[in-house]
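These values consider heavy atoms only, across backbone and side chains, with no hydrogens, waters or symmetry-generated copies.
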Amino acid sequence: MATKVLTDQPSIANTFLAELRDSSIQSDSMRFRTNLARLGGLIGYEISKTLNFKEVETETPLGISKSHLISDKIVIASILRAGIPMHNGLLDVFDRAENAFISAQRKMHKTGSFDIELNKVTSPSIEGKILILCDPMLATGASLNLALQALESYGKPSAIHICTAIASRTGMEHVQRLHPDANIWIGDLDEELTAKSYIVPGLGDAGDLAFGPKI
């Protein structure tokens with residue numbers, strides 16, 4: 001449906017992304033997580049503009065005020081573990097949302113190629129709800145595609161929003177082809193994807209930078 005790159009129009013998102021990429025700042029894992037969460041919050045605000053609202057009356061100490069509140073039901077899903085900080089940022093915006101989690105990892109082969117393995121999916125029903133799926137790095141799009149396929153057994157959402165901090169053009173176009181009805185929200189777009197499917201200039205391994213290296 002729509003793809004939006006936040007840095008197409010300079011904003012505070014540029015600051016968060018610059019710090020996420022900066023190798024001299026990345027050593028501060030708390031700041032790295034905070035910047036991913038901030039970016040998630042900004043994307044959540046942009047998503048909110050596309051949702052349905054209902055008019056309600058709010059009683060103040062001095063009278064009645066008319067307000068417009070979100071009427072859609074929302075499910076926020078993230079791919080573990082790298083997606084957790086962005087998930088938290090989105091949850092700060094949509095604090096009544098339900099939550100889903102997908103465990104996925106690369107299974108490397110001796111040839112240097114890899115497959116994506118989904119280990120576990122936990123989700124409420126997404127039937128008729130707004131599905132927001134976040135993963136900070138959209139490299140090939142394989143993880144996002146498998147996650148969306150796995151979530152199909154939980155119902156058909158009324159809309160799908162995919163959120164990522166940095167995407168490769170190859171991965172973005174792959175997801176666009178496979179899921180033309182999904183809205184894609186990207187912090188910044190990089191042109192290069194290496195033979196080993198690493199985004200360049202990218203920022204490195206988001207999961208390791210946020211939570212420490214894994215064995």
Side-chain angles (χ1 to χ4, degrees), residues 3-8 13-14 16-37 39-40 43 77-87 89 101-121 133-151 160-180 182-215:
T3 298
K4 181 172 182 180
V5 180
L6 267 61
T7 50
D8 283 348
N14 294 65
F16 302 154
L17 285 156
E19 291 194 358
L20 285 168
R21 292 184 188 268
D22 191 330
S23 58
S24 67
I25 298 175
Q26 289 180 342
S27 58
D28 185 344
S29 59
M30 180 177 177
R31 188 158 189 84
F32 189 85
R33 293 193 302 271
T34 298
N35 280 324
L36 279 179
L39 193 61
I43 292 174
S78 62
I79 298 178
L80 301 177
R81 62 183 170 153
I84 293 174
M86 288 190 77
H87 188 119
F101 299 94
I102 300 101
S103 176
Q105 64 181 11
R106 287 185 177 186
K107 183 180 179 181
M108 303 301 300
H109 304 298
K110 292 181 180 180
T111 59
S113 63
F114 65 89
D115 297 317
I116 301 296
E117 286 188 343
L118 291 188
N119 300 318
K120 186 175 182 180
V121 178
L133 175 59
C134 61
D135 188 6
M137 304 297 286
L138 198 175
T140 65
S143 296
L144 284 170
N145 179 48
L146 287 176
L148 288 171
Q149 289 179 345
L151 288 168
I160 298 172
H161 296 270
I162 295 170
C163 309
T164 188
I166 297 174
S168 74
R169 184 170 296 278
T170 297
M172 177 192 72
E173 292 175 349
H174 182 64
V175 173
Q176 288 173 329
R177 286 193 299 271
L178 294 178
H179 304 280
N183 301 281
I184 307 175
W185 304 85
I186 298 169
D188 206 359
L189 185 64
D190 288 352
E191 295 295 331
E192 186 177 347
L193 190 66
T194 70
K196 292 186 177 181
S197 299
Y198 294 116
I199 303 173
V200 179
L203 54 74
D205 188 306
D208 285 359
L209 291 167
F211 299 109
K214 55 187 178 295
I215 297 177

Novice: Can you sort out the partners of D188 under salt bridge (charged side-chain N to carboxylate O under 4.0 Å, His left out), two or more places apart, ordered by chain and number?
Specialist: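 Scan of D188 (salt bridge (charged side-chain N to carboxylate O under 4.0 Å, His left out), adjacent residues dropped) gives R21.
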Novice: Applying salt bridge (charged side-chain N to carboxylate O under 4.0 Å, His left out), name anything that partners D208, two or more places apart in sequence or on another chain.
Specialist: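 In terms of salt bridge (charged side-chain N to carboxylate O under 4.0 Å, His left out), with neighbours along the sequence ignored, D208 is linked to R81, K214.
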Novice: Closest approach of P136 and A206, non-hydrogen atoms and distance?
Specialist: CG-CB, 3.9 Å
Novice: Could you tell me the separation between the CG atom of N35 and the CD atom of Q26, rounded to the nearest 0.5 Å?
Specialist: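 One finds 10.5 Å between CG of N35 and CD of Q26.
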Novice: Which heavy-atom pair separates I79 from A147 by the least distance, and what is that distance?
Specialist: CD1-CB, 4.0 Å
Novice: What distance separates L39 CG from L6 CG, expressed to the nearest 0.5 Å?
Specialist: 6.5 Å
Novice: Please find the pair of heavy atoms, one from A150 and one from V121, that lie closest to each other, and give the distance.
Specialist: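 Result for this residue pair: CB-CG2, 3.8 Å.
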Novice: Going from CZ on R31 to CD1 on I25, what distance comes out if it is rounded to the nearest 0.5 angstrom?
Specialist: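 Reported to 0.5 Å precision, the distance equals 6.5 Å.
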Novice: Within this structure, what is the CG-SG distance for the pair L144 and C163, rounded to the nearest 0.5 Å?
Specialist: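 Result: 10.0 Å between the selected atoms.
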Novice: Taking C-beta and beyond as the side chain, do L80 and I102 meet within less than 4.5 Å on heavy atoms?
Specialist: no
Novice: Counting C-beta onward and ignoring hydrogens, is there a side-chain heavy-atom pair between E191 and S168 closer than 4.5 Å?
Specialist: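 Sidechains of S168 and E191: no contact.
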Novice: Could you tell me whether a side-chain N or O of D190 sits under 3.5 Å from a main-chain N or O of G202, the two making a donor and an acceptor?
Specialist: yes
Novice: Less than 4.5 Å apart, any side-chain heavy atom of S27 and any of F32?
Specialist: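 The answer is no; the side chains never approach within 4.5 Å.
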Novice: Determine, step by step, whether I84 and F211 satisfy the side-chain contact (heavy atoms from CB on, under 4.5 Å) criterion, reporting the C-alpha distance in whole Å, the side-chain angles of both residues, the deciding distance to 0.1 Å, and the verdict.
Specialist: CA-CA 10 Å; I84 293 174; F211 299 109; 3.9 Å; yes
Novice: Checking side-chain contact (heavy atoms from CB on, under 4.5 Å) for the pair H174/T170: CA distance, chi angles, key distance, verdict?
Specialist: CA-CA 6 Å; H174 182 64; T170 297; 5.6 Å; no
Novice: Any side-chain to backbone donor/acceptor pair from S197 onto T140? Under 3.5 Å, distance only.
Specialist: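 Not confirmed, S197 side chain does not pair with T140 backbone.
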Novice: So, do L209 and R33 sit near enough that their side-chain heavy atoms are less than 4.5 Å apart?
Specialist: no
Novice: Could you tell me if the side chain of I162 sits less than 4.5 Å from the side chain of N183, heavy atoms only?
Specialist: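 The answer is no, as the side chains (C-beta and beyond) never meet within the 4.5 Å cut-off.
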Novice: Which atoms form the tightest heavy-atom contact between G171 and L138, and what is the distance?
Specialist: C-CD2, 3.2 Å
Novice: With a 4.5 Å heavy-atom cut-off, do H161 and L133 have their side chains touching?
Specialist: no
Novice: Search all heavy atoms of A139 against all heavy atoms of L193 and return the closest pair with its distance.
Specialist: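 Nearest pair, atom of A139 first, then L193: O-CD2, 3.8 Å.
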Novice: Would you please name every residue forming a side-chain hydrogen bond (donor to acceptor under 3.5 Å, both in side chains) with N145, sequence neighbours left out?
Specialist: H179
Novice: How long is the span from the CE atom in M30 to the CG atom in D28, to the nearest 0.5 Å?
Specialist: 8.0 Å
Novice: Tell me, please, which residues at least two apart from S24 pass side-chain hydrogen bond (donor to acceptor under 3.5 Å, both in side chains).
Specialist: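 Applying side-chain hydrogen bond (donor to acceptor under 3.5 Å, both in side chains) to S24 gives D22.
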Novice: So, using side-chain contact (heavy atoms from CB on, under 4.5 Å) as the criterion, who are the partners of Q176 when residues are at least two apart?
Specialist: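 Listed in chain order: T3, M172, E173, I184.
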Novice: If only atom types and distance count, is the side chain of D135 paired as donor or acceptor with the main-chain N or O of T164 below 3.5 Å?
Specialist: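 Looks like no, no N/O pair under 3.5 Å.
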Novice: What residues form a side-chain hydrogen bond (donor to acceptor under 3.5 Å, both in side chains) with S78, not counting sequence neighbours?
Specialist: H87
Novice: Quick one: are L203 and M137 in side-chain contact, heavy atoms under 4.5 Å?
Specialist: yes
Novice: Begin with the C-alpha distance, continue with both residues' side-chain angles, and end with the deciding distance and a verdict on side-chain contact (heavy atoms from CB on, under 4.5 Å) for I199 and I166.
Specialist: CA-CA 8 Å; I199 303 173; I166 297 174; 4.1 Å; yes
Novice: Testing the basics here: between G141 and V175, what is the closest heavy-atom pair and its distance to 0.1 Å?
Specialist: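 The pair with the smallest heavy-atom distance is CA-CG2, 3.9 Å.
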